[in-house]
Amino acid sequence: MHTGPETVEQAIAVQESLRSQVDTAGPGPQQPRYVAGLDVAYAGDEFAAAVVVLDGLEVVDRAVVLGRTAFPYVPGLFAFREVPGLLTALERLRTTPELLVCDGQGLAHPRRFGLACHLGVVTGLPSVGVAKTAFVGTWQEPGPRRGDASELLLDGEVVGKALRTQNKTKPVFVSVGHRVDLATAVARVLDLTPRYRLPETTRAADRVCRQALKDSQDEETAR
DNA sequence: GCGACAG
DNA sequence: ATCTTGTCGC
């Protein structure tokens, strides 16, 4: 399993150091075949980190890693809680994803280095962040239809989009992670949300990590 | 100082 | 994230 910083100060230093490596040039993958979804489920300090690879809507590869949290949840340092397990899971795939769809922010972060940027930089793979709620920035309510979007602004900069993925449902917050531009990130998220508010990748990864965590917890109880 | 704060 | 039943709406 990968390890990371031990203190808040060290973690912030790591972000400050890695942020310069983020590539926002784009455009990024236009017709990716393999798209990965990543998610982590917790039960106390135990976790199950899952990565699933979809080819269209079919899961063609997956990896799950069980472990113990080594970093608490601290707003702004969320990545240090999830990266170790997710990185290990990514290494266990037999497929190389063309895009990582992360459950959280990318550039829409206080230091412009959220989970999606972090995973993108350390793997070198294109990545986008899709969060269920905003973390930083201001935005206007987007139009009511699927595809409607508004800018997420932070210090006068566009750090993401509030994107409506289904008619009359709350928007999701899309931001660039690494090696992709915002327009492409939004296009890929719309591709992945033909029916639900959240990307199919995220939904699939969520099911996998929750089930894996439950299985390990049940086994814990059984002995 | 106070409140808010990805998952 | 997680704790948790039923319930309103498409």
Original post:
Can you list the other members of the hydrophobic cluster that holds A/Y196, where links are side-chain heavy atoms under 4.5 angstrom apart?
Top reply: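 Members other than A/Y196 - counting any ILVMFWY side chain reachable under 4.5 Å - there are none.
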Original post:
How would DNA chain C look in dot-bracket form, 5' to 3', counting Watson-Crick and G-U wobble pairs with both distances under 3.5 Å and writing | for bases paired to another strand?
Top reply: ..........
Original post:
Closest approach of A/Q140 and A/S150, non-hydrogen atoms and distance?
Top reply: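 So the two residues come closest at O-OG, 2.5 Å.
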Subject >> Pair pattern of DNA chain B in dot-bracket, where unpaired bases get dots and | marks partners in another strand, Watson-Crick or G-U under 3.5 angstrom >> reply: .......
**OP:** Quick one: list whatever passes side-chain hydrogen bond (donor to acceptor under 3.5 Å, both in side chains) with A/Q30, sequence neighbours left out.
**Re:**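 A/T184.
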Original post:
Separation of A/Q217 atom CD from C/dT2 atom P, in whole Å?
Top reply: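 Atom-to-atom, A/Q217 to C/dT2, this comes out as 11 Å.
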Subject >> Distance in angstrom units between A/R210 CZ and C/dA1 P, rounded >> reply: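 These atoms are roughly 7 Å apart.
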Original post:
Should A/R112 and A/E157 count as an ion pair when the cut-off is N to O under 4.0 Å?
Top reply: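 Yes, this pair counts.
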Original post:
Base, backbone or nothing for each nucleotide of nucleotides 1-7 of chain B, written B, S, -, heavy atoms under 4.0 angstrom, 5' to 3'?
Top reply: ----BBB
Pair listing, salt bridge (charged side-chain N to carboxylate O under 4.0 Å, His left out) test, anchored in [range], at least two apart:
| range | result |
| --- | --- |
| residues 12-36 of chain A | A/E16-A/R19, A/R33-A/D55 |
| residues 93-103 of chain A | A/D103-A/K132 |
| residues 140-152 of chain A | A/E141-A/R164 |

Original post:
Do A/F78 and A/H109 have ring centres separated by under 6.0 Å?
Top reply: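 Centroid separation for A/F78 and A/H109: 6.0 Å or greater.
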Going by side-chain contact (heavy atoms from CB on, under 4.5 Å), name the residues that satisfy it together with [X], two or more places apart in sequence or in a different chain.
| X | answer |
| --- | --- |
| A/T24 | A/V22, A/L107, A/V176 |
| A/K170 | A/R197 |
| A/V40 | A/Y42, A/F47, A/A49, A/E82, A/L86 |

Original post:
When you measure from the side chain of A/T193 to the backbone N and O of A/P199, does any donor-acceptor pair fall under 3.5 Å?
Top reply: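 Absent.
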Original post:
Is A/V122 close to A/L87 at the side-chain level, that is, under 4.5 Å between some pair of heavy atoms?
Top reply: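 In short, these two side chains touch, coming nearer than 4.5 Å.
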Quick one: which protein N/O atoms are closer than 3.5 Å to N/O atoms of nucleotides 6-10 of chain C? Pair and distance per line, please.
none

